[in-house]
K.L.:
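This is the structure I have questions about; it appears just below.
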Amino acid sequence: MARRPFMRPNDLRTALAVLKEAGVEPAALDIMPNGTHRWHFTKPSGDDEDDLDRELAAFEARHGHG
């Protein structure tokens, strides 16, 4: 049975330091089911609402609710 890759806390700190030194700031790190790691470099938008939420808010505003 193959051993899954493992990242120690010190490995994570080292990786973050190298990325920041290169001028890249990661926003998130996913650990995939197979043990591999996937970095995200795009920060999520501050807008957590989806289209349906915005439409509902507009509807409620037009009809005096909310």
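Everything numeric in this text was worked out from a predicted model, so none of it was measured. All residue numbers refer to positions in the sequence shown, counting from 1.
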K.L.:
Are any non-hydrogen side-chain atoms of Arg8 and Asp11 less than 4.5 angstrom apart?
P.N.:
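Side-chain contact under 4.5 Å: yes.
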K.L.:
Considering only heavy atoms from C-beta outward, does the side chain of Met32 approach that of His37 to under 4.5 Å?
P.N.:
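They are not in side-chain contact.
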K.L.:
Heavy atoms, side chains only, cut-off 4.5 Å: are Thr36 and Ile31 in contact?
P.N.:
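In short, these two side chains do not touch, never coming nearer than 4.5 Å.
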K.L.:
Counting C-beta onward and ignoring hydrogens, is there a side-chain heavy-atom pair between Trp39 and Asp30 closer than 4.5 Å?
P.N.:
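In short, these two side chains do not touch, never coming nearer than 4.5 Å.
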K.L.:
Is there a path from Leu16 to Phe41 through hydrophobic residues (I, L, V, M, F, W, Y) whose side chains come within less than 4.5 Å of each other?
P.N.:
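The answer is yes; both residues are in one hydrophobic cluster.
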K.L.:
Is there a continuous path of hydrophobic side-chain contacts, each under 4.5 Å between heavy atoms, that joins Phe59 to Leu52?
P.N.:
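Different clusters.
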